[in-house]
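There's a structure below that I have some questions on.
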Amino acid sequence: MATKSFLRAPAPPKTNAHPIPPLGYLLIALAVMLWAYTTSFAVKIQCVVGAALFSCTEYTFYTMTVEDPDGTVRVKPFAGRPGHTTIHQYIMNVFYIPFLIHGYHALIHSTFLRVLLFPLNIWLLEIIQGYTLIYLIGYNAAWTYRGYDAFFHGNIKLWYVHHWLMMGAALELVVLPNVLPFTYTIASYFV
């Protein structure tokens, strides 16, 4: 009997849902305290705005694509798939954006390399957030990828590489140069 490797194991189903374990509450408390005490007010604004922008992006992506029964995603605008995003993903993104943007910039100084390696940055985000949700509630309530290119219990999908490259370019060339200065300006009025 063939066994699936850890990388190729399917995503846990919603029927795996369970209450948050006791150590899960500690993990949540530590994440909230770390975010609250180590990020500036400007970065907190970036987190809330960035998570909202991604929610809008994800909702739009769903309306512009269809998913075949085998997990293949095809671009087919307004083909009947309703827009979709989750509060789980929004909350996880609020807490992860300091790593996604500022940690990434601290590690990689070249804009070209940041765009080129952005899919790895997103896949790391998806692995961390996906497994955190699986630990906390038993399954990934934010997203589940299927198909031949879905790995890490359905937490990442390799086919999205070109989407993540485009998102990295948009983030580096349009969003960050315009949004980051704006958030520092807003924060200066409150500090």
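By convention here, the first residue in the shown sequence is residue 1.
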- Message: Are the side chains of Ile45 and Phe182 in contact, using a 4.5 Å heavy-atom criterion?
- Response: no

- Task: Could you tell me whether the side chain of Arg146 and the main chain of Pro69 form a donor-acceptor pair under 3.5 Å?
- Result: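 Yes, because the side chain of Arg146 sits within donor-acceptor range (under 3.5 Å) of the backbone of Pro69.
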
- Item | Inter-residue atom distance Leu27.CG - Leu136.CG, 0.5 Å rounding |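 Separation between the atoms: 5.5 Å.
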
- Task: Supply the atom-to-atom distance Thr183 OG1 to Asn178 CG, rounded to the nearest 0.5 angstrom.
- Result: 11.5 Å

- Message: Let me check something: do Leu53 and Leu180 share a hydrophobic cluster, defined by ILVMFWY side-chain heavy atoms less than 4.5 Å apart, either directly or through other members?
- Response: yes

May I have the list of side-chain donor-acceptor pairs in residues 168-177 shorter than 3.5 Å, sequence neighbours left out?
{"unit_1": "Glu172", "atom_1": "OE1", "unit_2": "Arg114", "atom_2": "NE", "d": "3.0"}
{"unit_1": "Glu172", "atom_1": "OE1", "unit_2": "Arg114", "atom_2": "NH2", "d": "3.0"}
{"unit_1": "Glu172", "atom_1": "OE2", "unit_2": "His105", "atom_2": "NE2", "d": "2.9"}
{"unit_1": "Glu172", "atom_1": "OE2", "unit_2": "Arg114", "atom_2": "NE", "d": "3.0"}

- Straight-line distance of Leu165 CG to Leu117 CG, nearest 0.5 Å: 9.5 Å

- Least distance between heavy atoms, Cys47 atom then Trp35 atom: SG-NE1, 3.3 Å

- If you look at every heavy atom in Asn121 and Leu100, which pair is closest and at what distance? ND2-O, 3.1 Å

- From Gln89 atom CD to Ile87 atom CD1, the distance as rounded to the nearest 0.5 Å: 11.0 Å

- Item | Any side-chain heavy-atom pair of Phe152 and Ile134 under 4.5 Å |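 Counting from C-beta outward, Phe152 and Ile134 never come under 4.5 Å.
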
- Note on the structure: Separation between CG (Leu124) and OH (Tyr96), nearest 0.5 Å, reads 4.0 Å

- Message: I want to check something: taking the side chain as every heavy atom from C-beta on, are Tyr90 and Thr85 in contact at a cut-off of under 4.5 Å?
- Response: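 Not touching, per the 4.5 Å side-chain cut-off.
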
- In the single-linkage hydrophobic clustering (I, L, V, M, F, W, Y; side-chain heavy atoms under 4.5 Å), do Val75 and Met166 co-cluster? no

- Side-chain heavy-atom pair His163, Ile122 within 4.5 angstrom cut-off: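 A side-chain contact under 4.5 Å is absent here.
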
- About how many Å separate OG1 of Thr65 and NZ of Lys76, when rounded to the nearest 0.5 Å?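 Going from NZ on Lys76 over to OG1 on Thr65, the span is 11.5 Å.
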
- Task: For the residue pair Trp143 and Tyr145, categorise the inter-ring angle as parallel (less than 30°), tilted (30 to 60°) or perpendicular (more than 60°).
- Result: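 Ring orientation, 0 to 90° scale: tilted.
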
- Message: Closer than 3.5 angstrom, by distance alone: can the side chain of Asp68 be matched with the main-chain N or O of Asp70 as a donor-acceptor pair?
- Response: no

- Would you find more than 12 non-hydrogen atoms of other residues, nucleotides or ligands less than 6.0 Å from Phe99 atom CZ?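 12 or below, so no.
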
- Check the pair Gln46, Tyr184 against side-chain contact (heavy atoms from CB on, under 4.5 Å), reporting the backbone distance first and the verdict last. CA-CA 9 Å; Gln46 294 163 19; Tyr184 288 113; 3.5 Å; yes

- Query: Should Tyr189 and Val49 be counted in the same cluster of Ile, Leu, Val, Met, Phe, Trp and Tyr side chains packed under 4.5 Å apart?
  - Reply: yes

- Message: Exactly one of Tyr135, Tyr131, Tyr139 should register a ring-ring contact (aromatic ring centres under 6.0 Å, His included) with His153. Which one does?
- Response: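 For His153, the ring-ring contact (aromatic ring centres under 6.0 Å, His included) test succeeds with only one of Tyr135, Tyr131, Tyr139, which is Tyr131.
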
- Determine the minimum heavy-atom distance between Glu58 and Thr86, stating which atoms define it. OE1-N, 4.3 Å

- Message: So does Gly71 get a backbone contact from the side chain of Lys157, meaning a donor-acceptor N/O pair under 3.5 Å?
- Response: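 Here the side-chain-to-backbone pair exists.
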
- Task: Compare every heavy atom of Val32 with every heavy atom of Phe95, then report the nearest pair and how far apart it is.
- Result: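 Minimum heavy-atom contact is CZ-CG2, 3.6 Å.
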
- Query: Minimum heavy-atom separation for His84 to Ala142, with atom names?
  - Reply: NE2-O, 4.2 Å

- Determine whether Val48 and Tyr37 fall in the same hydrophobic cluster, where Ile, Leu, Val, Met, Phe, Trp and Tyr are linked whenever their side-chain heavy atoms lie under 4.5 Å apart.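 Same hydrophobic cluster.
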
- Which residues share a ring-ring contact (aromatic ring centres under 6.0 Å, His included) with His88, sequence neighbours left out: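 ring-ring contact (aromatic ring centres under 6.0 Å, His included) check on His88 returns nothing, list empty.
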
- Message: side-chain hydrogen bond (donor to acceptor under 3.5 Å, both in side chains) for Asn93 and Gln129? Distances and angles first, verdict last.
- Response: CA-CA 8 Å; Asn93 285 342; Gln129 289 185 5; 3.0 Å; yes

- Out of Phe61, Phe118, Trp123, which residue meets the ring-ring contact (aromatic ring centres under 6.0 Å, His included) rule with Tyr160? Phe61

- Following the transitive rule for hydrophobic clusters with a side-chain heavy-atom cut-off under 4.5 Å over Ile, Leu, Val, Met, Phe, Trp and Tyr, establish whether Ile127 and Leu133 coincide in one cluster.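 No; Leu133 is not reachable from Ile127 via cluster members.
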
- Message: Just so I know, are the side chains of Ile20 and Ile137 near enough to count as touching, which here means a heavy-atom distance under 4.5 Å?
- Response: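 Contact flag for Ile20/Ile137 side chains = yes.
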
- Task: Work out which heavy atom in His102 is nearest to a heavy atom in Val43; give both atom names and the distance.
- Result: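 Between these two residues, the closest heavy atoms are NE2-CG2, 3.8 Å.
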
